[in-house]
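Reviewing the structure listed below.
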Number of protein chains: 2
Amino acid sequence: MPETGCLAPSKKAAGKAAKAVVTPAPRMRRVRDRNQGLLLRAAERVFARAGFAGATVAEIAREAGVPKANLHYYYPEKRDLYRAVLDNILALWLGETDAFTPEAEPLAALEAYVRAKMRFSRDYPDASRVFANELLHGAPEIGAYLRGALRKLVASKAAVIDAWISEGRIAPLDPVHLFFSIWAVTQTYADFDTQVAAVLGVRQVSARQHAEATEAAVALFLRAARPDAVASRTTSGKLA
Amino acid sequence: MPETGCLAPSKKAAGKAAKAVVTPAPRMRRVRDRNQGLLLRAAERVFARAGFAGATVAEIAREAGVPKANLHYYYPEKRDLYRAVLDNILALWLGETDAFTPEAEPLAALEAYVRAKMRFSRDYPDASRVFANELLHGAPEIGAYLRGALRKLVASKAAVIDAWISEGRIAPLDPVHLFFSIWAVTQTYADFDTQVAAVLGVRQVSARQHAEATEAAVALFLRAARPDAVASRTTSGKLA
DNA sequence: ACATTTCTTGACTATTTGGTCAGGATTCAC
DNA sequence: GTGAATCCTGACCAAATAGTCAAGAAATGT
């Protein structure tokens, strides 16, 4: 899970003897991994509930159970830690689109994706919130990723969906906006979980309520994506 | 627009001569209104792009064009200013549900609501973002509002929709989750506008693209909410 | 006019916070 | 063992920031 691209003794620290710092040496990896893991998990929690600006390194260190100075040993700057957290999250967030292949059954793929995203919002609410917060403030750290990998991914999946549409196997919904909608709806149950709980009249959204939310989301998208039953039922396409 | 419940010379300032402080006096209202307006608008912008913790009163004051000390004259604490901004936003956010009356045409009401919410995300993106940020961090300031007015509102509108459902005039979607979904989808175009722009491959979402997003959202919800044409077609024949 | 209230603002302060550092403790390869 | 890399950490520091204050400048009612 670690190995986030941020080597520990940063440029500054490695000022004097810069010989074999390239690889952190295959030696003592246990301690580093352990502490980085602790710090990453603590940081995710704290960033999730306070945002980047609102989080303090002291609090993260306390939550991780290590002295602040030790945190700075692994992550020289607050931003390094934040980046590491985001990198972890992106890896998770990107997945789950495998179902969208030309041969797949469109509605089944859609349902699987919605369910996967709902599961994500249940299992990794902190990750979702950190991600949301980053987007909300203009994605200063992951903008390049959004314009790169994510954009490419969406474009390729949109092509698949467009093909399904022209075959009449799914309703003619704009695929890109469909993705935006799915992300929005599923993440709302993590990011704005406070609002959901408040409107539902509970302190915390229960597992059961989350399951109901999942069914509601699935129903919404499946109903919307259901191809118009009528159509012209000709050979290839339909009402083009 | 001002008159946000936060009178200027707070408890502290009004320590000595506390006689007729109840009403700010109908006198000099011009200056106060003007400056509070400037500050509120500046604060909304700054809070929108930096969040509560990330925003600095100095920046808000600069953006409003007044000295920092003058800001503190009207809003003794940063939180007072934040509350005032939120109060303004809530008033806006609450509206637009008038269309949901028992007599209304369900799909028309739904469409009107979605369009209104999309318009909101276009016209008040900063308000939307401040609101989103507040929710994201657990709604420390407006939690009571969510559990009170908002919850009641949703409950009453959900009852209307449930009635529509039992009359077969709209698809059997959970009304409360329908609201969550509509809010999620429409606000995503304000709150996560960075992501939308990135995936669309543009720097800024254009007016035209926002219009397309609106049509996509309307299509999504109308298709999902369309009652199943078949049904039982009994006594109170609906589909008029 | 003039007393009174409201407003304005530069200068100041207390606190928080990210980050540094030097010296010591561990750990590991050999 | 032992030497070298790695790790640990209390004590510090400089910068940023929310909030104060007191003295004076407008504005206002009568």
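Everything numeric here is computed off the predicted structure, so don't read it as measured data. In what follows, every heavy atom counts, from backbone to side chain, and hydrogens, waters and symmetry copies are set aside. Every chain is numbered from 1, with letters handed out A, B, ... down the list of sequences.
Comparing dG19(D), dG19(C), dT6(C) by their closest approach to the side chain of Glu77(A) singles out dG19(C). Nearest nucleotide to the side chain of Pro67(A), out of dT17(D), dG10(D), dG18(C): dG10(D). Side chain of Thr56(A), nearest nucleotide from dT17(C), dC7(C), dC8(D): dT17(C). Nearest nucleotide to the His72(A) side chain, out of dG18(C), dT8(C), dG19(D): dG18(C). Across dC7(D), dC7(C), dC21(D), the shortest atom-to-atom separation from the side chain of Tyr74(A) is found for dC7(D). Of the listed nucleotides (dT9(D), dA18(D), dG18(C)), dT9(D) has the atom at the smallest distance from the side chain of Asn70(A).
Per the geometry, NZ belonging to Lys78(B) stands 12 Å off C1' belonging to dT16(C), to the nearest Å. The separation between Leu81(A) atom CG and dG19(C) atom C1' is 14 Å, rounded to whole Å. Taking atom CG of residue Asp80(A) and atom P of nucleotide dT20(C), one finds them 10 Å apart after rounding to whole Å. Note: CG (Leu39(B)) to P (dT9(C)) measures 12 Å, nearest angstrom. Counting to the nearest Å, the C1' atom of dG10(C) and the CG atom of Leu71(B) are 16 Å from each other. Atoms CD1 (Ile60(A)) and P (dT17(C)) sit 12 Å apart, rounded to a whole Å. Between Arg62(A) atom CZ and dT9(D) atom P the separation is 16 Å, expressed in whole Å. At whole-Å resolution of the value, CG in Asp33(A) and P in dC28(C) are 13 Å apart.
Ala61(B) comes within 4.0 angstrom of no nucleic acid atom, judged by non-hydrogen atoms across all strands. In this structure, Ala55(A) reaches the sugar-phosphate backbone alone: every heavy-atom distance under 4.0 Å involves primed, P, OP1 or OP2 atoms, never a base.
Taking only distance into account, the side chain of Lys68(A) meets the base of dG19(C) through a donor-acceptor pair shorter than 3.5 Å.
Between Glu63(B) and Arg41(B) there is no salt bridge, since no side-chain N of the basic residue sits under 4.0 Å from a carboxylate O of the acidic one.
Take the nearest nucleotide of DNA chain C for Arg79(A) and for Asn35(B): the residue whose nucleotide is more 5' is Asn35(B).
Taking the centre of each ring, Phe100(B) and Phe179(B) come in below the 6.0 Å mark.
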Audit row: Trp183(A), Thr188(B), side chain to side chain contact (heavy atoms under 4.5 Å, CB included) steps and yes/no: CA-CA 9 Å; Trp183(A) 298 340; Thr188(B) 215; over 6 Å; no

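Taking 4.0 angstrom as the limit, Tyr73(A) places a side-chain polar atom (N or O) nearer than this to OP1 or OP2 of dC7(D).
Between the side chain of Ser181(B) and the backbone N or O of His177(B) there is at least one donor-acceptor pair closer than 3.5 Å. Side-chain N or O atoms of Glu134(B) include none that pairs as donor or acceptor with a backbone N or O of Leu86(B) at under 3.5 Å.
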